[in-house]
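One-based numbering along the sequence shown. Every value quoted in this text rests on a predicted model; they were computed, and no experiment measured them.
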Amino acid sequence: MATTTTRAITRLPDQFVTVAGVKTHYLQAGSGHPLLILHGGAPGGAARVIYGPCIEPLAAAGLAVYAPDGPGFGLTEAPADNSVRFRIDHAKAFMTAMGVDRFHVLGNSMGVLPSLRLAIEDSRVDRVVLIAGAGVAVPLSAEAREASREHGEVLRSYRPGLESMRNLTMGTLHRKELVTDELIQLRYEMSLHQSEAGQNRANASTSDVQPLKPDELQAAYDRRTLILWGKNDHGNPIERGYRTFEVLPNSELHCFDNCGHWPMWDQTEAFVAVVGDFLNRVEG
């Protein structure tokens with residue numbers, strides 16, 4: 001008899017702190033080396049949605065996980081400034097408010113570019129994990145560019161509704177059995193909290209902070225970095241992951257099979273094992 005795989009979304013309590021003038025929602029678990037998690041910018045983007053099944057497992061792997069909702073997303077207030085620059089500065093200020101003087105950073109999708117910029121700008125950043133995002137200016141095939149363009153159109157066309165959110169999430173995850181009513185309801189509710197969601201997604205692009213160029217990386221980037229991708233990510237194909245790996249110094253690339261845009265959902269156990277090993281590894 002076939003079994004149905006499910007994921008337990010974290011029940012960690014909501015916490016709030018005012019950062020850079022913005023009331024900021026966050027989740028926190030664990031007491032090891034601090035890890036800042038930055039989420040992506042798709043509709044319903046929030047820490048509990050995107051990282052829901054892996055926050056406590058990462059904490060159990062020996063990490064103190066800090067997972068804020070970005071400005072204008074989830075339960076965090078919408079700021080007057082919706083730029084990527086503000087999101088980067090907000091992340092810095094958040095970790096200062098947490099009293100952290102050294103931390104790893106992990107970002108997925110739209111959180112990749114802020115993670116890279118943090119690694120360059122903030123001396124407190126130790127190691128970096130990047131998940132399926134366009135933070136580096138790399139050449140892509142016509143097929144990959146078209147897939148990314150179509151994916152962007154799908155995100156921009158979203159209008160709040162449970163069925164619309166179900167269809168969107170079916171395209172995010174490869175393992176369709178993981179698209180549960182609980183996940184759909186939570187992601188839908190978070191999309192409603194984004195009262196300025198369309199504006200945030202339009203403005204929180206790379207227009208104000210450009211993706212890093214290979215020569216800029218060679219000159220300024222020195223953090224050990226793990227790049228993660230889903231083999232079955234059709235909106236942001238793994239070709240971008242390979243190209244990023246080719247130009248990013250001190251990097252490793254890991255690809256998950258049977259995995260779409262969110263490996264933290266499609267391959268939770270493997271994701272936690274790979275990330276935990278990388279961040280806890282003692283270099284000889």
Dump the intermediate steps for side-chain contact (heavy atoms from CB on, under 4.5 Å) on M165 and Q185, then the final yes or no.
CA-CA 8 Å; M165 184 56 78; Q185 184 67 37; over 6 Å; no
Rounded to the nearest 0.5 Å, what separation is found between the CG atom of L155 and the OG1 atom of T172?
7.5 Å
Student check: side-chain heavy atoms of L118 and L36 closer than 4.5 Å:
yes
Least distance between heavy atoms, C54 atom then F271 atom:
SG-CE2, 3.8 Å
R7 and salt bridge (Lys or Arg N to Asp or Glu O under 4.0 Å): which partner among E177, E182, E269?
E269
Closest non-hydrogen atom pair, H254 against L226:
CB-CD1, 4.4 Å
Separation between NE2 of H193 and OH of Y188, rounded to the nearest 0.5 Å:
11.0 Å
Gap between atom OG of S141 and atom CZ of R240 - 0.5 Å precision:
10.0 Å
Please report the closest heavy-atom contact between L140 and R145, naming both atoms and the distance.
O-NH1, 2.5 Å
Distance only, no hydrogens: is a donor on one side chain within 3.5 Å (strictly under) of an acceptor on the other, for D266 and H174?
no
Treating N232 as the side-chain partner and C259 as the backbone partner, does any N or O pair qualify as donor plus acceptor under 3.5 Å?
yes
Does a side-chain heavy-atom distance below 4.5 Å link L212 with L113?
yes
Between the CZ atom in F256 and the CH2 atom in W229, the distance rounded to the nearest 0.5 Å is 12.5 Å
For L38 and V105, work out which heavy atoms get closest and say how close.
CD1-CG2, 4.2 Å
Any idea which heavy atoms bring L183 and W265 closest together, and the distance?
CD1-CZ2, 3.6 Å
For the residue pair N236 and H261, confirm or rule out a side-chain donor-acceptor distance under 3.5 Å.
no
